[in-house]
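Here's the structure we're looking at; comments come further down.
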Amino acid sequence: MSFPLLTAAAAVPAIGAVATAAVPAAKRTAAKWLALLFSLATLALALVIAVRFDPGAKGPFQLTESHAWIADFGVRYELGVDGIGVALIALTALLVPFVILAGWHDADPLEEDNSNRRWRPTQGLFALILAVEAMVILSFEATDVFLFYIFFEAMLIPMYFLIGGFGDRAGAHDATEGAARRSSAAVKFLLYNLAGGLIMLAAVIGLYAVTADQLGTGTFSLQQIVQARAAGELTMGAGTERLLFLGFFFAFAVKAPLWPLHTWLPGAMGESTAPVAVLITAVVDKVGTFAMLRFCLQLFPEASKWATPVILVLALISILYGALLAVAQRDIKRLIAYASISHFGFIVLGIFAMTSQGQGGATLYMVNHGISTAALMLVAGFLITRRGSRLIADYGGVQKVAPVLAGTFLIGGLATLSLPGLAPFVSEFLVLVGTFSRYPVIGIIATVGIVLAALYVLVLYQRTMTGPVKAEVQGMPDLKARELVVVAPLIALLLFLGVYPKPLTSIVNPAVDHTLSVVDRQDPKPDVRVNAEPHEAGSDRDAEAAK
């Protein structure tokens, strides 16, 4: 039997989580280094997966693993990756070491006052981060619907404790107020996502019942269901398929987050530390949009096409609504949160445009948004830690006292607004081109989001980094060595993928083509019209050439 590479990629951070949690309480530094080493080992395995993956190979999934698990209920331990999964596994494994480094001191003792001194276990913080990484990677690998569902829901538990137990200390007047706000944000995150998960569970059970009725044996295998539908062995009535699709899509739209199911995100990101906020929006939320491609479109192709007009409108609202609220924000982290809602609108728009450019751009957007948001949010976190405030109005003139911090903040912001030459531009351009080719009106309106992005990013930079130096930031130190190690590789990736995205597109495009073939969608052909009538002796030849 070949080495179970996909299992190892998820098992290493899971083992790391247990090992880190077991480190004695007094060995805080050892726990940090142990977590970092396990995250780097996971990154090495993700790179091996990317190297072993062959974009030109036949079949939708590679490096597959399949073992009987709960045989009586048709549940199998089935793993496999396509190009989309490989890209997102690499993104997750890449970001987690930076998250750990950026949060190196986030669980250090809280020195508040002698009567109210609290300790937050360092081991707990980093063990929870590794646990989230393991569950997210398994979600990107699972090709059994029930197996996917387990980890889709299980990741909520460590995320709940990361938000509620290790939240941001800035922005609250006292410890009691801060704890209440963190607890409220964590509970809202959990309730929204649990509600989506419970509805999805009902749809998962319904899918099993349909397969058991028509195939004789119930199954949760994505490949088996898709193959049975293609062969005509499994058919669903329109009403049944639409109900099952809605059950899956609702859960993924909450996780994504798509308007109007997005309201948990600003609070969760605002009350989290910057590294945990990156984990939420750059890693965990990608599971929702990834699952739309893997499960919604492939399991329920006809229902996906039926729901497309409404979903495109919701995506368009997300783009404009998120951007408008980002313009109005006074809190740096909440501004980035609303900007992410707008960006996820672009991702969903590209997915349901159902064109190769749109879905390829959406997948690239998932990766590039993760890198750009991580760069911007982590630098913002370094800024907030120095000043002790998340309010934009409390800053001014930072570029004069901390030019490297201001410069990296600017590059992260320019990537967020999709400046040409930086990685997100390619993604956004492909999404808009793919949408316009099939839905020109929606594509045109969506471009307003680009204008609004330029507004909220440039105004944020102007108000925080330029102008007179405020007294409170007069002695602000510039980025330190550890912080530069976190930010510099992300900036380099934004530049590299902005001018040379082929390493990603060559991996992603075959998976996008497969998804479109399952949904039975083809790119619309250009509408070439000949206004002039053929004339004189060469008319037949001219008409043929015009065609």
Side-chain angles (χ1 to χ4, degrees), residues 60 73-75 78 82 84-85 88 135-136 138-156 192-212 214 218-226 228-229 234-262 284-312 314-315 318 344 347-352 354 359 362 366 515-516 518-519 521:
F73 295 97
V75 180
E78 283 191 353
D82 58 7
I84 300 170
L88 293 176
M135 294 174 187
V136 169
L138 267 172
S139 298
F140 292 142
E141 296 173 345
T143 57
D144 181 279
V145 176
F146 191 80
L147 180 67
F148 168 83
Y149 173 78
I150 289 175
F151 294 104
F152 180 80
E153 288 293 277
M155 70 180 69
L156 301 180
Y192 266 70
N193 284 275
L194 277 179
L198 289 174
I199 292 174
M200 180 183 170
L201 178 60
V204 169
I205 295 171
L207 179 65
Y208 178 83
V210 170
T211 59
Q214 298 196 27
T219 181
F220 294 104
S221 171
L222 173 65
Q223 294 186 75
Q224 187 176 346
I225 294 171
V226 170
R229 292 200 63 156
L234 175 65
T235 57
M236 298 183 194
T240 300
E241 182 174 347
R242 291 172 183 179
L243 284 175
L244 295 178
F245 168 85
L246 291 174
F248 277 74
F249 181 79
F250 183 85
F252 303 153
V254 172
K255 185 85 79 180
L258 184 68
W259 184 93
L261 305 172
H262 67 284
V284 172
D285 287 354
K286 299 299 188 301
V287 178
T289 47
F290 163 81
M292 291 178 189
L293 277 166
R294 172 163 288 187
F295 296 106
C296 282
L297 268 61
Q298 297 193 44
L299 289 174
F300 316 109
E302 295 304 319
S304 297
K305 289 185 280 190
W306 162 77
T308 288
V310 174
I311 295 173
L312 291 178
L314 295 179
S318 290
F344 274 103
I347 294 171
V348 176
L349 188 70
I351 291 172
F352 283 89
M354 294 193 190
Q359 290 191 357
M366 290 186 232
T515 302
L516 288 174
V518 172
V519 187
R521 279 286 200 180

Steps toward side chain to side chain contact (heavy atoms under 4.5 Å, CB included) verdict (Glu302, Met236): CA-CA 10 Å; Glu302 295 304 319; Met236 298 183 194; over 6 Å; no
Please give me the minimum heavy-atom distance between [X] and [Y], naming the atom from each residue.
X	Y	value
Asp82	Gly85	OD1-N, 2.9 Å
Pro60	Gln223	CG-OE1, 4.3 Å
Gly247	Ala203	CA-CB, 3.9 Å
Leu244	Leu207	CD2-N, 3.8 Å
Ser221	Asp144	N-OD2, 4.1 Å
Tyr192	Val254	O-CG1, 3.6 Å

Ring geometry between Phe249 and Phe352 (parallel below 30°, tilted from 30 to 60°, perpendicular above 60°): perpendicular
Whether Phe252 and Phe152 hold their rings parallel, tilted or perpendicular, with breakpoints at 30° and 60°: perpendicular
Non-neighbouring partners of Glu78 that pass salt bridge (charged side-chain N to carboxylate O under 4.0 Å, His left out), sequence neighbours left out: Arg76
Validation row, ring centre Phe73 to ring centre Tyr208 under 6.0 Å: no
Crowding at OH, Tyr149 (>12 non-hydrogen neighbours, <6.0 Å): yes
Would you say the side chain of [Y] lies within less than 4.5 Å of the side chain of [X], judging by non-hydrogen atoms?
X	Y	answer
Thr289	Leu258	no
Phe250	Leu261	yes
Val136	Val287	yes
Ser318	His262	no
Phe220	Ile225	no
Leu297	Gln359	yes
Ile84	Phe140	no
Lys286	Phe344	yes

Is the backbone of [Y] close enough, under 3.5 Å, to the side chain of [X] for a donor and an acceptor to pair up by distance?
X	Y	result
Arg294	Thr143	no
Ser139	Phe148	no
Arg229	Leu299	yes

Steps toward side chain to side chain contact (heavy atoms under 4.5 Å, CB included) verdict (Val348, Ile311): CA-CA 8 Å; Val348 176; Ile311 295 173; 3.7 Å; yes
CA sep, side-chain torsions, deciding dist, call: Phe295, Met200, side chain to side chain contact (heavy atoms under 4.5 Å, CB included): CA-CA 12 Å; Phe295 296 106; Met200 180 183 170; over 6 Å; no
Measure the [atom1]-[atom2] distance between [X] and [Y] for me, rounded to the nearest 0.5 Å.
X	Y	atom1	atom2	value
Met366	Asp285	CE	CG	12.0 Å
Phe151	Leu138	CZ	CG	4.5 Å
Leu293	Ile351	CG	CD1	4.0 Å

Derivation and outcome, side chain to side chain contact (heavy atoms under 4.5 Å, CB included), residues Ser304 and Gln298: CA-CA 9 Å; Ser304 297; Gln298 297 193 44; over 6 Å; no
Salt-bridge criterion met for Glu153 and Lys255 (N-O under 4.0 Å): no
